[in-house]
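In what follows, a single structure is set out as structure tokens and then discussed.
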Amino acid sequence: MPIAPPPLSQDLLEWYDRHARTLPWRVPPQARAAGIMPDPYRVWLSEIMLQQTTVATVKSYFARFVNRWPGVTDLAEAPEAEVLGAWAGLGYYARARNLHACARTVATEHGGAFPTTAATLRALPGIGEYTSAAIAAIAFDEPAAVVDGNVERVVSRLFAIETPLPAGKKEIRIRTGELTPDLRPGDFAQAMMDLGATICTPTRPGCILCPIRPHCRAAAEGRPEVFPVKKPKAEVPSRRGAAFVAIRPGDGAVWLRKRATTGMLGGMSEPPSSNWNARSDGELGTTAAPFPAGWQACGTVLHGFTHFKLALDVYRADIEHDPPGAGWWSPPEAWDGEALPTLMRKVLAAAAPATR
DNA sequence: CATACGTGGGG
DNA sequence: TCCCCAAGTAT
């Protein structure tokens with residue numbers, strides 16, 4: 001009587017028991033086995049931060065957030081401007097606005113406790129298909145299909161899925177659901193992601209070290225790197241604009257204003273800047289200045305976004321009186337706490353290098 | 001289904 | 001320098 005080989009999930013979980021990454025928001029498998037479950041607030045916060053963002057980048061932000069706002073109610077009570085200020089530099093700022101809105105919803109409509117199922121989590125702002133499944137699995141051990149970029153890669157290789165992403169995602173989700181065990185689904189989800197992050201990597205995957213290689217069709221065919229097949233991406237256009245840094249001579253404070261709530265860098269702070277237009281027209285010059293002053297050119301900041309490249313001409317001027325329009329003076333020692341995106345920090349560095 | 005939406009690190 | 005990509009979501 002032949003003995004059935006272990007299922008994929010068992011092989012993976014045994015590997016995870018020995019090789020799980022140690023992460024600030026994670027309860028290790030041995031502790032989970034002893035009945036310790038993670039704080040849903042920390043799971044949620046980490047998942048939002050990790051959307052399209054590397055673990056290395058997230059760690060310091062996560063530490064600052066949980067130190068400053070230990071629970072979801074603390075975060076809900078914070079002014080949005082403070083949350084945006086703490087998020088500055090992480091990118092995708094809609095995440096921060098949704099994070100705050102979600103905290104307030106949990107505090108006011110759920111009594112300060114996160115919903116416990118993927119379906120109910122899915123209704124909260126900033127929580128989509130992936131994040132709802134991840135929180136449900138990791139914080140509440142619901143056997144939900146958790147499909148992030150790592151899992152897309154692992155599963156597309158396991159089954160040698162030829163359908164290019166994003167169309168192939170449907171089949172990947174179905175396959176992931178079939179692989180997900182009823183026992184330890186939270187560890188299984190984290191194990192899949194750890195495997196994708198450390199062994200089943202985009203280039204040069206370490207198939208020799210892979211605990212589920214015997215289950216993998218792409219490895220058997222000797223072509224793991226061709227998966228996942230992806231649709232070619234469009235080329236990114238260029239845009240150009242101008243930023244105007246008004247400086248108060250006395251203390252070196254700069255004049256900032258708040259950007260529109262929606263759109264690029266929504267809700268974040270900036271020195272007044274023009275619209276960013278298609279780059280055919282060359283330098284805008286001071287015609288786009290928000291008010292007349294002795295504007296002096298001080299270089300061009302280049303910044304790459306996901307869907308376009310930006311060249312931002314920077315001008316500076318010493319201003320004694322308050323400029324027209326809404327805004328505030330921000331001295332250099334206050335810049336750390338301002339909701340300044342990285343682009344705008346580059347602008348300030350170009351305009352006021354002496355104060356940095 | 002396609003597009004908008006940041007940033008930093010690695011090859 | 002440039003391209004890819006990293007625990008995606010909203011519209």
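By convention in this document, chain letters (A, B, ...) are assigned in the order of the sequence lines, proteins followed by strands, and residues within each chain are numbered from 1.
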Quick check: closest heavy atoms across A:Gly196 and A:Val154, and the distance to 0.1 Å? CA-CG2, 3.9 Å
Given C:dA10, C:dA6, C:dG8, which nucleotide is nearest the side-chain atoms of A:Pro202? C:dA6
Side-chain donor-acceptor pairs under 3.5 Å in residues 50-57 of chain A, sequence neighbours left out?
from, atom 1, to, atom 2, distance (Å)
A:Gln51, NE2, A:Gly126, O, 3.4
A:Gln51, NE2, A:Thr131, OG1, 3.0
A:Thr53, OG1, A:Met49, O, 3.3
A:Thr53, OG1, A:Gln51, O, 2.9
A:Thr53, OG1, A:Arg95, NH1, 3.1
A:Thr53, OG1, A:Arg95, NH2, 3.3
A:Thr54, OG1, A:Thr57, N, 3.4
A:Thr54, OG1, A:Thr57, OG1, 2.9

Counted 5' to 3', the first and last nucleotides of DNA chain B within 4.0 Å (strictly under) of a heavy-atom of chain A are B:dC1 to B:dG8
What one should report as the nearest heavy-atom pair of A:Val83 and A:Phe65 is O-CZ, 4.0 Å
Nearest-nucleotide pick for A:Met193, side chain only, options being C:dA7, C:dA6, C:dC5: C:dA7
Would you mind reading off the distance between A:Gln52 atom CD and C:dC5 atom P, rounded to a whole angstrom? 11 Å
Establish, with yes or no, whether the OP1 or OP2 oxygen of C:dA7 is under 4.0 angstrom from a side-chain nitrogen or oxygen of A:Thr131. no
A:Gln51 has its side chain closest, among C:dA10, C:dA7, C:dT9, to C:dT9
Residue mapping more 5' on DNA chain B - nearest nucleotide basis, A:Met264 or A:Lys231: A:Lys231
Partner of A:Phe244 by ring-ring contact (aromatic ring centres under 6.0 Å, His included), out of A:Trp255, A:Phe291, A:Trp295: A:Trp295
Check whether any side-chain heavy atom of A:Val155 lies under 4.5 Å from a side-chain heavy atom of A:Val147, and answer yes or no. no
What's A:Leu265 touching, base or sugar-phosphate or nothing? Going by heavy atoms closer than 4.0 Å. sugar-phosphate
Near DNA chain B, which residues from residues 148-160 of chain A have a heavy atom under 4.0 Å away? none
